[in-house]
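Down below is the structure, laid out as structure tokens.
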Amino acid sequence: MTKAWPHTQLMGAEFQSFDKETQTITMGFTAPESFITPRGSVQGGLVAGFLDEAMGWAYTHATDGTHSPLMLDVNFSLLKPVPQGALSAKGRVVKAGRRVVFLEAELFDADGKLLARATSTCIPTENPGL
């Protein structure tokens with residue numbers, strides 16, 4: 001990521017690495033107290049946001065910043081409650097064609113336990129400028 005966008009600041013998003021060969025990005029996130037529901041875990045839609053961010057940046061990095069995905073759908077599964085604090089995500093380009101892109105991501109707690117997964121179908125679009 002080349003710019004700290006307001007939404008990435010809110011999520012505590014931090015680029016960690018990108019593996020060009022596997023088209024996999026690793027990102028860190030920080031779930032603030034304001035994301036926590038009365039049940040004691042991050043609200044589900046906000047979890048989807050972490051996963052969406054990792055998938056999107058995986059594709060953007062895979063294209064060297066020339067394209068970004070326009071999400072058509074995002075499907076996610078919450079496997080365990082997502083706690084406040086440090087999280088990490090891995091986003092990956094499964095397949096990228098001229099008309100459609102398939103992405104996936106996983107979200108982990110600080111101990112590396114899998115918390116949530118997502119897949120997305122996207123349209124590749126020229127990057128409007130980062």
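All of these numbers come straight from a predicted model, not from anything done at the bench.
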Could you list the donor-acceptor pairs under 3.5 angstrom formed by side chains in residues 109-117, with sequence neighbours left out?
from : atom 1 : to   : atom 2 : distance (Å)
D109 : OD1    : D111 : N      : 2.9
D109 : OD1    : G112 : N      : 3.0
D109 : OD1    : K113 : N      : 2.8
R117 : NH1    : E106 : OE2    : 3.2

Do the side chains of L107 and V94 join up, straight or via other hydrophobic residues, at under 4.5 Å, putting them in one cluster? no
Hydrophobic clusters here meaning ILVMFWY residues chained together by side-chain heavy-atom distances under 4.5 Å, can you tell me if V82 and L79 are in one? no
About how many Å separate [atom2] of [Y] and [atom1] of [X], when rounded to the nearest 0.5 Å?
X: E126; Y: T66; atom1: CD; atom2: OG1; value: 8.0 Å
X: L51; Y: S120; atom1: CG; atom2: OG; value: 10.5 Å
X: D52; Y: H7; atom1: CG; atom2: NE2; value: 8.0 Å

Residues that [X] engages under side-chain contact (heavy atoms from CB on, under 4.5 Å), provided they are two or more places apart:
X: K95; result: F102
X: T37; result: R39, S41, Q43
X: A48; result: F76
X: T119; result: N75, E104

Donor-acceptor list for residues 23-33 side chains, cut-off 3.5 Å, not counting sequence neighbours:
from : atom 1 : to  : atom 2 : distance (Å)
T24  : OG1    : T22 : O      : 3.2
T24  : OG1    : T22 : OG1    : 3.1
T26  : OG1    : K90 : NZ     : 2.9

Other hydrophobic cluster members with Y59, side-chain heavy atoms of Ile/Leu/Val/Met/Phe/Trp/Tyr under 4.5 Å, chained? M55, M71, V74, V93, V101, L103
For L72, what are the other residues in its hydrophobic cluster, where any two members join if their side-chain heavy atoms are less than 4.5 angstrom apart? L70, I123
According to the salt bridge (charged side-chain N to carboxylate O under 4.0 Å, His left out) rule, which pairs have a member within residues 56-76, sequence neighbours left out? K20-D64
Could you check whether any side-chain heavy atom of V47 comes within less than 4.5 Å of a side-chain heavy atom of F35, counting everything from C-beta outward? no
Ignoring hydrogens, what is the shortest heavy-atom contact between T60 and P69? Give both atom names and the distance. OG1-CD, 3.9 Å
